[in-house]
Amino acid sequence: MTSTDTTNAEDSGPSGYAAARLHLLQEGARSGPPRRAALSGLTDDWLSGLFDAGAGGLKGVSLVAVGGYGRGELSPRSDLDLLLLHDGGDPDAIAALADRLWYPVWDLGLALDHSVRTPAEARKTAEQDLKVHLGLLDARHLAGDLGLTAGLRTAVLADWRNQAPKRLPELQELCAERAQRQGELQYLLEPDLKEARGGLRDATALRAVAASWLADAPREGLDDARRRLLDVRDALHLTTGRATDRLSLQEQDQVAAELGLLDADTLLRQVYEAARVISYASDVTWREVGRVLRSRAVRPRLRAMLGGGKPVAERSPLAEGVVEQDGEVVLARAARPERDPVLPLRAAAAAAQAGLPLSLHAVRRLAATVRPLPTPWPAEAREQLVTLLGSGRPTVEVWEALEAEGLVTRLLPDWERVRCRPQRNAVHIWTVDRHLIETAVRASEFTRRVSRPDLLLVAALLHDIGKGWPGDHSVAGEIIARDVAGRIGFDRDDVAVLAALVRHHLLLVETATRRDLDDPSTVRSVAEAVGTQSTLELLHALTEADALATGPAAWSSWRGSLVADLVKRVSAVLAGDAPEEPEAAAPTAEQERLAVEAYRTGGPVLALRAQTEPPSEEPEAAGDPEPLGVELLIAVPDQPGVLPAVAGVLAMHRLTVRTAELRALELPDGVDGAVLLLDWRVAAEYGSLPQAARLRADLVRALDGSLDIAGRLAERDAAYPRRRGVVAPPPRVAVASAASRHATVIEVRAQDAPGLLFRIGRALEDAGVRVRSAHVSTLGANAVDAFYVTGLEGAQLPGEEAASVARKLEGTLRE
């Protein structure tokens, strides 16, 4: 703070402080810790002036900063946490002084958390309220009786240390409850920098643990991580003008610019890296607290039994150079990391297999002394990596310990590009690196389903490794996977399989949900890409593990049944059974009834019924079927405009289309004419489902042109303007070449929205094409649809015409 700033604050009162504060916050030269310190100093001087002016000759009173202000960490919109401490003197004089302090703060619009207490009252409140106790640990004298403040600080610290065996478990429980409520900072797209796990609250909790003298956090990188989160919060306050700790999506670009970062992804990655440091330090610290408290509880009994002396900790062998001690995995006394390059993987695999954490000391010793593995890796190293990946849920904690000390990127240098990389897709709940580990965890459940579990687990670890590179991540990932697989010692044939698994890890689910499986071209194309039965088996397991590790929106037993059906068909082709040309599927009794009635009446006929997912064949998935909404069956005489009419009516009734199938149905007993059958699964956006009679009535009007669907939807959109939120990428429409021999396949990928399917159907009708079948699915906020279209004569569209239809459709969706 400059002398001019100080003079303004002291001479001009609140207005002088406000001007100096504004000047400081707008000064570009100072940011980060210097600005926070300057703002705290400026505020100290102002409040001290207010205190001196109001206290007069009052004795036995002091003004104390607590919490974040006590630490000198004022962000632009931080609360002022203040305690007016007194020795129990004249209550009227104390109340008058409090008014002289609090009202100027309120008049400036600053948030204030204040209290007026004696030292005894402060200690009693701290004993009753853990949060108050934590704030007092950072008490800092501002003005008045220094001895009074110092006495309180000494007493509060002594209380904290004496009560640590009771208070620290309370603090740990408080942190765990907050983490459950707010989530993990290192994975959230809109994180709370303060409250989420790994945020500023946890950093403060670690300071409190250190103050107890019972245990201490790993200090390396912790202060820097905390500083980075505070810097981001400062920038957030400045760009929004609000006292907020939530880093919303719409503000991330501005915050990144304020910090001089390239873009919002760079910002999130820095936030995630800082959060990961704090989260790991928290894990290690709370583990140490638990160990110390258990040791204190057990030691007196052991001493009594042994007649005094310090008990020797038991060490149980786990693997060569690796033992268990005090519930952690540590290195054996005879271990020589500098001579044993496989030791990090061996220790990690042993820890994961035993379900135990790797000790901080062991990981740091390995990071400091171990030699790099030779290229290619020895067989033992590869086997230990596979064992680690196949250990299930404990793999996550062990992998995080290796990563915290840089051992993962030493083993797999390509990991650096995906480490802490955000995924701006609501379907994904993890960063890229954590998703890869989660996929391995899921894949470990499927190792009994495949003949080569080692290839499955390594493919799970590498399947998204290309996301750190530009372009199609599957294509980039194939190249990286070849290199990594060779370096870790797989032979040429295995390298080829791993590369194929990475390249085609999305093939099964995309084909099953977006293609007509009755079309022989679909099955043949998958068989050609996969090549062998064993690769198909691995790809099937990888597909499910990948989807389960993505998030709840990425997998369902319905999707699983589609993939299983595709795998069965591809397996038959690989076994030498050529797929037959598609025949008309035999309709069910209900479908036949609806079709005949539609033909007889010349209008649409529909049926609504509750629909659940087909039961899973996996024994562990037994239980209640998974709800999917309602099945809507519609039969309507073949005519133009059916798809947009049905989609539009459903949108008008606020029904979300989850899946949609459309196909022509042959009528029984040689009845001339064609009926279109639509088998859709829908769900109400809110409220209850409309009656079938109302849907049919509106559908009749839509088909005869008397219902203006576009106008009705436009009116509704105008009445409910869209909220600000994620800016979705533009829609993309493409022609899938060679996807079918009987029709042209047009793929649409767009942000899901009410009326989207109606707009697509109307655009295709306007383009003069006929929709033979439609395969519609939603994945989170994304619609991924495929339409099999032909010309009016029933033939495939010529190449240029197909491209023109795709361009026009994309243009329509961008409007």
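Values in this document were obtained by computation on a predicted structure and should not be read as measured data.
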> To the nearest 0.5 angstrom, please state how far the CG atom of Leu345 sits from the CG atom of Leu402.
7.5 Å
> Quick test of your reading of the model: are Glu544 and Arg559 salt-bridged, counting only N-O distances below 4.0 Å?
no
> Do Ile480 and Leu462 touch side chain to side chain, with heavy atoms closer than 4.5 Å?
no
> If we only count heavy atoms from C-beta on, is the Leu756 to Val748 side-chain gap below 4.5 Å?
no
> Whether Arg569 and Asp518 form a salt bridge (side-chain N of Lys/Arg under 4.0 Å from carboxylate O of Asp/Glu) is what I want to check.
yes
> Is it true that Arg417 and Asp433 have a side-chain N and a carboxylate O under 4.0 angstrom from each other?
no
> Distance alone, cut at 3.5 Å: any donor-acceptor contact between the side chains of Ser451 and Glu537?
yes
> Heavy-atom count around Arg732 CZ within 6.0 Å, excluding the residue itself: above 12?
no
> Rounded to the nearest 0.5 Å, how far apart are CG of Leu548 and CD of Glu445?
7.5 Å
> Without swapping roles, check the side chain of Thr744 against the backbone of Leu797 for a donor-acceptor pair under 3.5 Å.
yes
> Would you call Leu695 and Leu608 a side-chain contact if the rule is heavy atoms closer than 4.5 Å?
yes
> State plainly whether the residues Arg419 and Glu416 are in salt-bridge range, i.e. N to O under 4.0 Å.
yes
> Run the salt-bridge test on Arg382 and Glu380 with the 4.0 Å N-O cut-off and return the result as yes or no.
no
> Set out, in order, the CA-CA distance, both residues' side-chain angles and the distance that settles side chain to side chain donor-acceptor pair (under 3.5 Å) for Thr532 and Thr535, then state yes or no.
CA-CA 5 Å; Thr532 66; Thr535 303; 2.8 Å; yes
> Shortest non-hydrogen contact from Tyr187 to Ile429?
CB-O, 3.8 Å
> Between Arg503 and Val475, is there a side-chain heavy-atom distance shorter than 4.5 Å?
yes
> Does any pair with a residue in residues 453-471 pass salt bridge (charged side-chain N to carboxylate O under 4.0 Å, His left out), and if so which ones, sequence neighbours excluded?
Arg452-Asp454, Asp464-Lys467
> Mind listing the closest non-hydrogen atom pair of Gly531 and Leu574 along with its distance?
O-CD2, 3.6 Å
> Do Asp493 and Asp491 have side chains that get closer than 4.5 Å, going by heavy atoms?
yes
> Could you tell me if the side chain of Trp399 sits less than 4.5 Å from the side chain of Val408, heavy atoms only?
yes
> Work out which heavy atom in Phe758 is nearest to a heavy atom in Ala647; give both atom names and the distance.
N-CB, 3.5 Å
> With distance as the sole criterion, is a donor-acceptor pair present between the side chains of Gln533 and Ser571 under 3.5 Å?
yes
> Given Thr790 and Gln796, is the side chain to side chain donor-acceptor pair (under 3.5 Å) satisfied, shown in steps?
CA-CA 5 Å; Thr790 66; Gln796 281 184 312; over 6 Å; no
> Answer yes when Arg770 and Asp638 have at least one side-chain N-carboxylate O distance shorter than 4.0 Å, and no when they do not.
yes
> Start with the C-alpha distance between Leu562 and Leu566, add both sets of side-chain angles, then the distance that settles side chain to side chain contact (heavy atoms under 4.5 Å, CB included), and finish with yes or no.
CA-CA 6 Å; Leu562 291 180; Leu566 173 60; over 6 Å; no
> Taking the side chain as every heavy atom from C-beta outward, state whether Val805 and Leu764 have any pair of such atoms under 4.5 Å apart.
yes
> Check Arg482 with Glu478, please: is the shortest side-chain N to carboxylate O separation under 4.0 Å?
yes
> Are any side-chain N or O atoms of His435 and backbone N or O atoms of Ala549, one a donor and one an acceptor, separated by less than 3.5 Å?
yes
> Verify salt bridge (charged side-chain N to carboxylate O under 4.0 Å, His left out) between Glu810 and Arg814, making sure each step is shown before the conclusion.
CA-CA 6 Å; Glu810 186 172 290; Arg814 287 173 181 261; 3.4 Å; yes
> Taking Glu765 for the side chain and Gly641 for the main chain, is one N or O donor matched with an acceptor at less than 3.5 Å?
yes
> Looking at every non-hydrogen atom in both residues, tell me the closest pair between Leu388 and Ala352 and how far apart they are.
CD1-CB, 3.8 Å
> Checking Ser525 side chain against Ser521 main chain: does a donor-acceptor pair fall under 3.5 Å?
yes
> Could you tell me whether the side chain of Leu498 reaches within less than 4.5 Å of the side chain of Phe490, counting heavy atoms only?
yes
> Could you go through the side chain to side chain contact (heavy atoms under 4.5 Å, CB included) check for Leu457 and Thr447 one step at a time?
CA-CA 8 Å; Leu457 293 167; Thr447 52; 4.2 Å; yes
> Counting the benzene-type ring for Trp, do His463 and His473 have ring centres under 6.0 Å apart?
no
> Assess the residue pair Asp519 and Val745 against the criterion (side chain to side chain contact (heavy atoms under 4.5 Å, CB included)); give the C-alpha distance rounded to whole Å, side-chain angles, the decisive distance to 0.1 Å, and a yes or no.
CA-CA 11 Å; Asp519 190 329; Val745 180; over 6 Å; no
> Look up atom CG in Leu507 and atom CG in Leu501, then write down how far apart they are to the nearest 0.5 Å.
11.0 Å
> Check Trp377 against Leu411 and note the closest heavy-atom contact, atom names and distance.
CZ2-O, 3.6 Å
> For Ile746, is there any backbone N or O sitting under 3.5 Å from a side-chain donor or acceptor partner on Tyr788?
no
> For Glu438, is there an ion pair with Arg442 - N to carboxylate O distance below 4.0 angstrom?
no
> Going from CG on Leu508 to CG on Leu539, what distance comes out if it is rounded to the nearest 0.5 angstrom?
4.0 Å
> Sort out for me which residue in Leu456, Ile437, Val484 forms a side chain to side chain contact (heavy atoms under 4.5 Å, CB included) with Leu461.
Ile437
> If only atom types and distance count, is the side chain of Arg759 paired as donor or acceptor with the main-chain N or O of Thr812 below 3.5 Å?
yes
> List the atom of Val675, the atom of Ala598, and the distance in Å for their closest heavy-atom pair.
CG1-CB, 4.5 Å
> Does Val502 offer a backbone N or O that forms a donor-acceptor pair with the side chain of His505 under 3.5 Å?
yes
> Hey, is Arg515 close enough to Glu747 for a salt bridge, meaning N to O under 4.0 Å?
yes
> Where do Thr511 and Leu506 land on the side chain to side chain contact (heavy atoms under 4.5 Å, CB included) test, with the steps shown first?
CA-CA 8 Å; Thr511 302; Leu506 297 174; over 6 Å; no
> In Å and rounded to the nearest 0.5 Å, what is the CG to CG distance from Leu678 to Leu643?
7.5 Å
> Nearest 0.5 Å, what's the CG-CH2 distance between Leu633 and Trp680?
12.0 Å
